[in-house]
Every structure is written in structure tokens, then in C-alpha cells.
Amino acid sequence: MKSMTEHYIGPEGIKAKRASYFYPCTQHFYQNPPQIVKGSMQYLYDEQGKEYTDFFAGVSVVACGHCNPAITGATISQLGKLQHTTAIYLTQPVVDLAERLAELLPGALRRTFFVNSGTEANEGALLLARMHTGRKGFIALEQGLHGRSNLTMSVTGLSMWRTDPFLEEEVYFIPRPFRTGVAPEEAAQDSLKALDKVLEEQGHTIAALIIEPIQGNGGIIVPPDGYLQEVKTRLEAYGVLMIADEIQTGFGRTGRMFAIEHFDVVPDIISMAKALGNGVPIGAFATTNHIAASLNRPSASTFGGNPVSSVTGMAVLAYIREGRLVERSDELGHILKQGLEQLMNRYGTMISEVRGKGLMIGVELMASNPDVGAILVDRVLEEMKEQGFLIGKNGVHRNVLAFQPPLVIEDRDIQEMLKELEVVLAGLEPSEEEVQ
Ligand SMILES: Cc1ncc(COP(=O)(O)O)c(C=O)c1O
């Protein structure tokens, strides 16, 4: 295929520069990664002009589609008018966005502080909880992921993302309501028992429990019905706040505006980022009037709530409403899940479980032998990429295929991907030896 332009350095050139100028912690997907140079709605294009249907959306970010003109039009127009002032001057886009979020957020959550990333949003949420309760400790779930700063990493359960050797000590981890080979209700009961124990022993020193309503990086784990309500009731008995980390699940991803709405629970604080900017950096944490009153000492974010991010956020929320993206995520999510379940019926030796809600679906490979599962996941990713489909991966053992496409994906894209996935899986059936 003909090269799209002349000056691209190509994947090898990029890899060489990364090796020279990045830290060794930076990794990329694929043995033979493409150089992505263009995006349009659910499609990405490499430097050769090859088209890929994107089933990962930049890790749940580009819900409204790549370079969606309805959103980039607003962003570009704002860039030409006013880019930056900080909160010490009055600008309108940020207050409009705060007002719109208050309309969409569950329960009485209505005050928002804007930042630039998910990590910062969780950091702010944790600070707010400490200031409101006057307590220092936190409870978090094993295998959760909440960020890269010291505090958000301290509440992150996934060991691969806990790289700081000096993490906070007053964080109490409880098992998540999921264990391979165990009924979800039993796993939930074990998790609640562990929560009871922490609360009995430490309850009055704990500011908040932070939780992803559906764990993303941990392998797309949906808690059984009733679990989150039980958690909330127990926390309330000890005056411990609940922070719902909706950074990955927010804004329609799971077939609800916020994933917590599936479970009929209103948290005390919600943190948001990713899809709110559709690729423009933005983060936020929101709470009630009562709790917000505790964040009363001066605080400011240089870039948080800047007019460009705020106008983009408004355009995103308008597009989600007008395009019925929340409903679409629910409807297409069912189609995607059913298709993947059919593949599980055919390739049961490889596929252990299909789970998730809306357009956030995980397919775990070889749960009984996750190291082999991880190898297979990498092979599936590589071969699907060759066929023009970008799929994600996650899970404690990195043996879960993650399907989190832009919510503008179409039925036709899903069917084509499923057809190709079937071909790839058929060629990958593990040998008897590998299964052992
Ligand atoms: C649930 C969750 N919380 C927090 C973060 C951190 O967000 P960021 O990378 O924007 O700092 C992520 C990132 O993937 C996430 O999935």
C-alpha cells in the first residue's frame, strides 16, 4: 500500500526514539505495532493507510468516536477564542459544564472540581474524603486501579501498577467480589466479611472506600447484584464515605451514564475523566453540597476547567444525549456479548468467561492456566490487528481480551469483528500439552 505522507518515520523509527528518549517503564502493544496517524469515529488508520476498527477506544476514552467533527468543531472554535486563564478569572464554559454534570450525576451530587486526568481526579476525591471526615485511612479493593500518584497508587490493588516502594500504609485491601471457580455470591460474601473486619477494627480511622463499580484493568469484573448496596450500608454505619471511581466506566460505557446506576447505589463522591474529554485531557470529582463544604481551604488547578476542555466536555455530553449513546451502548453491548458468548460455546477450552455490561466486555482466556491465557491473548491481539481490528487486554494475569469500542460503533463492525475473531480462535486452539 502507498504511504500516506512522506515524512513519517514509521514504527521502527518510533520504537528507536522511544528506546532512546523514554523511560524503560513505557510499553506498547504488539510485536509489530503499527504507527497510528489518523482517526475517524470508530476507525483508526496507520501510516500505510490501513484501516483498523477500534475496539479499545484508547482505553475507554474516545466514546464519541475519533476526531468526531461535532466535538472537535467545538474544541477548535474555542481554541480560536480563548484557551486559558485559570480559575482566578471568570469564564463561562467551566460553569456550564459543572451545571450540566450536576443534572446528570446521581442523587444529590452537584458540586465539581475540575482537573486534568483520572489520577488527579481520584487524588482530589481522596483528599476531599480526608478533609470531610478528618480521618486518614482508606479501604480499597484488591486488583483495583486508581492512578499513578503516591496516594492513588497506594489504593491501587493491582501489583503491576504498584511501583512506588514507599506507598501509604493506612490502606486496607479487601477481596473483590469475584474469584475464579467460586460462585459470585460466595465471593461477595467473603468480600463483605473482610470489609466488616476492617470496619470493626479500624472503622473510625477510615475516611473512604474507593471502588470501581465495574473493575476495568482488573479484568472487567461486575459485582453481583446487592453487593454495592451492602457495602454502602456498612460504610454508613461507620461514617466512611464511598468514592465511585467512574474514570473508566463513566459516560455511557456500561449502558448507563454512570456504572454505579446499575446497582442502585448513590456514592458520596464520583471521580471522572477519560470519556468526558473524548481525547482532550480532563478530570473531575463531584460530591454533595454537604461534603463539598469541607473542601474550603484554597485549592486550584492551573489547567483544570480550562475553556478548551470545558467546551469539549459540553460537546461530548451533548453528543452522548443526541446520539443516544448510553442506550446504544446497552443495545450494542448485548449484541457484542451474545456474539462472544456464542464463541465461548464453540471454543470453551480457550474461553473461560465472557463478562461485562454495555460496551465494556471482557473475555477471559484459560482462567485455569492464565499464563497460557496471556500468551493466547497476545496472539489474538496480534492476529486481529493484522486483520484490521484493535482489541484491548487487561486482567490480573493479562489474560482477558477487552472490548471497549467507541460507543458510535455499528452492528456491522461488531459482526465483522466476531467473524474474524472466530477465524483467529479456530487457528489458536491450544494443544493438549498447553492446556495441562
Ligand atoms: C479506573 C481508573 N481509575 C484511574 C485511572 C487513572 O487515570 P489517568 O491515566 O487518566 O490518570 C484509570 C486509568 O486507566 C482507570 O482505569
Side-chain angles (χ1 to χ4, degrees), residues 23 25-29 56-63 113-129 138 140-164 167 171 173 176 178 208-223 228 242-254 256 258-260 262 267 269-286 301 303-304 309 312-313 316 356-362 392-396 398 400 402-404:
Y23 291 88
C25 65
T26 320
Q27 297 172 350
H28 59 75
F29 273 14
F56 207 28
V59 196
S60 248
V61 169
V62 192
F113 190 104
F114 290 97
V115 291
N116 310 291
S117 68
T119 296
E120 250 191 290
N122 279 336
E123 184 81 28
L126 295 165
L127 167 70
L128 171 63
F138 294 108
L141 266 71
E142 289 171 2
Q143 327 301 4
L145 180 133
H146 301 291
R148 272 165 295 96
S149 63
N150 180 278
L151 191 51
T152 59
M153 193 182 278
S154 298
V155 293
T156 287
L158 274 170
S159 58
M160 79 174 276
W161 300 120
R162 287 170 61 82
T163 49
D164 184 337
L167 292 172
V171 177
F173 285 97
R176 57 188 185 171
F178 171 89
L209 171 143
I210 184 165
I211 186 167
E212 296 162 83
I214 295 178
Q215 274 191 354
N217 240 269
I220 309 196
I221 304 297
V222 183
L228 283 167
M242 178 191 264
I243 301 170
D245 175 344
E246 292 267 5
I247 285 154
Q248 192 159 151
T249 49
F251 305 105
R253 170 57 50 200
T254 69
R256 296 284 188 279
F258 295 101
I260 194 86
H262 285 289
I269 304 170
I270 285 189
S271 50
M272 306 158 257
K274 291 192 187 265
L276 181 57
N278 204 50
V280 167
I282 189 166
F285 55 99
S301 162
F303 296 123
S309 303
T312 306
V316 164
K357 283 189 186 287
L359 284 170
M360 183 170 182
I361 308 288
K393 67 169 171 176
N394 56 35
V396 183
R398 312 298 280 168
V400 179
F403 297 86
Q404 297 170 261

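Note that ligands are numbered from 1 as they come in the structure, with each ligand's atoms numbered from 1 the same way.
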Under a 3.5 Å distance rule, please check whether Ser60 uses its side chain to pair with a backbone N or O of Gln248 as donor and acceptor.
yes
Taking Val59's backbone N and O only, do any of them form a donor-acceptor pair with Lys274's side chain (distance below 3.5 Å, no angle check)?
yes
Distance in Å, Phe178 CZ paired with Ile220 CD1, rounded so as to fall on 0.5 Å steps:
11.5 Å
Can you tell me how far the CE atom of Met153 sits from the CG atom of Asp164, to the nearest 0.5 Å?
6.0 Å
For Phe403, what residues pass the ring-ring contact (aromatic ring centres under 6.0 Å, His included) criterion, not counting sequence neighbours?
none
Tell me the residues surrounding ligand 1, counting only those with a heavy atom closer than 4.0 angstrom, sorted by chain and number.
Ser117, Gly118, Thr119, Asn122, Leu145, His146, Arg148, Glu212, Asp245, Ile247, Gln248, Lys274
Ring centroid separation Phe258 to Phe251 under 6.0 Å:
yes
